[in-house]
Amino acid sequence: MRALRCSVCAEELRPEHRSLRCPRGHAFDLAKQGYVNLLHAKVPAGTADTADMVAARVAFLAAGHYAPVAERVAEQAARLTRSGLIVDAGAGTGYYLARVLDRLPAATGLALDVSALALRRAARAHERLGAAVWNLWRPWPVADGTASVVLNVFAPRNGPEFHRVLRPGGALVVVSPQAGHLRELASVVDLLEVDDRKQERIEAALGGYFELVAREPYTRTLTLTPDEVRQVVGMGPNAHHPERLTRLDRLDEPREATLSVAIATYRRVP
Ligand SMILES: C[S@@+](CC[C@H](N)C(=O)[O-])C[C@H]1O[C@@H](n2cnc3c(N)ncnc32)[C@H](O)[C@@H]1O
Ligand SMILES: [Zn+2]
């Protein structure tokens, strides 16, 4: 992965035995599960997805309810590039990045996420996918201008870093929840609401760095088994508040829930 940079001194990283090493001697072990941990500072508790959240995400995504979203993300990426590096910022288990790489046989992928547990999955999600543990709010260990596309799916948005790592003419694909996303589940759990001004906040975070090219809303009604309800809640921000999840133990009927997201494409401004 030529684009990776040392997270201490920003020099190039080269593979050496079972690690990546920079010319100044900073070394980062390659985990046997296939990812590299470049973090050297603590991240606040509650930032990274936990083992339970990752297990819930893997099980829920495997059921295919979000497959049409991944399909649309892959379509957008294929319109934007045919090859090069696709960086997924907050990649989780690599579900979306793997679909993009399926569509682009000449591209490679880099999954960045602060959860090593999620990246164990991501590293196995596709043969052309590399994975590095990193906190997206810190300057990324990725060289300037190396990415053709940055993906950002339900994850933190760092506009200046998206811009820095993209090549001139590169693009950003953002998937975010719209107002009303999974709203029916509010009757079974105190959901953290998607605020009405979410899109405005996204534009503000990207302002000056990106221009909106297209925004495609995608809404459909899902029918979820009780286990799937527990998974979709358990893989989101509610999982950091276990007291909110106890009511879900008693759920024994399927529930309908509205999937409502926006898939937005942005062009990097020079
Ligand atoms: C809601 S999940 C979305 C994961 C994936 N994009 C998906 O949709 O399946 C949010 C992801 O962002 C990661 N994350 C949260 N804060 C982060 C940070 N500061 N730096 C890097 N990753 C972060 C979490 O570990 C988690 O995997
Ligand atoms: Zn170094």
Side-chain angles (χ1 to χ4, degrees), residues 4-14 16 19-28 35-67 69-70 72-74 86-100 109-123 125 129 131-143 150-158 161-162 173-177 181-182 191-192 194 205 231-240 259 261 263:
L4 276 184
R5 290 293 176 269
C6 174
S7 56
V8 179
C9 71
E11 296 271 354
E12 202 166 320
L13 287 173
R14 292 276 166 80
E16 196 180 290
S19 67
L20 296 181
R21 185 178 284 271
C22 80
R24 297 196 194 184
H26 304 120
F28 305 89
Y35 63 88
V36 62
N37 192 338
L38 297 177
L39 270 184
H40 45 76
K42 283 215 176 321
V43 288
T47 307
D49 273 14
T50 61
D52 286 347
M53 291 168 77
V54 172
R57 180 172 300 280
V58 167
F60 184 79
L61 291 175
H65 298 293
Y66 283 16
V69 179
R72 283 164 172 74
V73 169
I86 316 293
V87 177
D88 189 347
T93 58
Y95 180 75
Y96 295 88
L97 181 54
R99 296 292 78 74
V100 170
L110 172 62
L112 296 177
D113 201 288
V114 77
S115 169
L117 292 165
L119 289 189
R120 280 185 191 187
R121 297 288 185 152
L129 187 160
V133 182
W134 189 247
N135 177 359
L136 297 171
W137 293 124
R138 309 291 308 158
W140 298 2
V142 177
V150 170
L151 304 179
N152 178 254
V153 185
F154 305 122
R157 282 166 287 273
N158 183 339
E161 284 298 275
F162 291 165
V173 180
V174 176
V175 179
S176 60
H181 178 56
L182 302 179
L191 281 181
L192 300 173
V194 178
Q231 288 156 5
V232 77
V233 175
M235 73 190 210
N238 269 283
H240 293 298
L259 161 64
V261 299
I263 300 148

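Keep in mind that this is a model prediction, so the values were computed, not measured. Counting begins at 1 with the first residue of the sequence. In listed order, ligands and their atoms are each counted from 1.
Taking every heavy atom of A91 and a limit of under 4.0 angstrom, the matching atoms of ligand 1 come to 5 (C), 6 (N). Of all the atoms in ligand 1, the ones that sit under 4.0 Å from a non-hydrogen atom of W134 are 20 (N), 21 (C). If you number the atoms of ligand 1 from 1 as listed, the ones under 4.0 Å from a heavy atom of V153 come out as 3 (C), 5 (C), 6 (N), 8 (O). Every atom of ligand 1 with a heavy atom of A48 under 4.0 Å away is listed here by number and element: 25 (O). Each of the following atoms of ligand 1 lies closer than 4.0 Å to a heavy atom of W137: 19 (N).
Contacts between R57 and ligand 1, counted as non-hydrogen atom pairs separated by less than 4.0 Å, involve the side chain only.
A salt bridge does not link R14 to E16: none of the charged side-chain nitrogens sits closer than 4.0 Å to a carboxylate oxygen.
Of all the listed residues (A111, A155, G90), G90 holds the heavy atom that lies closest to atom 5 (C) of ligand 1. Nearest-residue assignment for atom 17 (C) of ligand 1 (options P156, G92, G94, A116; heavy-atom criterion): P156. Taking only non-hydrogen atoms, the option from T47, L136, V133, D113 nearest to atom 13 (C) of ligand 1 is D113. The closest heavy-atom contact to atom 3 (C) of ligand 1, among the options Y95, F60, F154, Y66, comes from F154.
The line from SG of C6 to CZ of F28 is 4.0 Å long, rounded to the nearest 0.5 Å.
The aromatic rings of F60 and Y66 sit perpendicular, their planes meeting at an angle over 60°, well past the 30° parallel limit.
Under the 4.0 angstrom criterion for non-hydrogen atoms, Y96 is in contact with ligand 1.
Within H26, the N/O/S atom positioned nearest the Zn ion (ligand 2) carries the name ND1.
The one candidate from L112, V133, L4 that meets the side chain to side chain contact (heavy atoms under 4.5 Å, CB included) condition with L38 is L4.
Among all non-hydrogen protein atoms, the one lying nearest atom 22 (N) of ligand 1 is V114 N, 3.1 Å. The protein heavy-atom contact nearest to atom 19 (N) of ligand 1 is N135 OD1, 2.9 Å.
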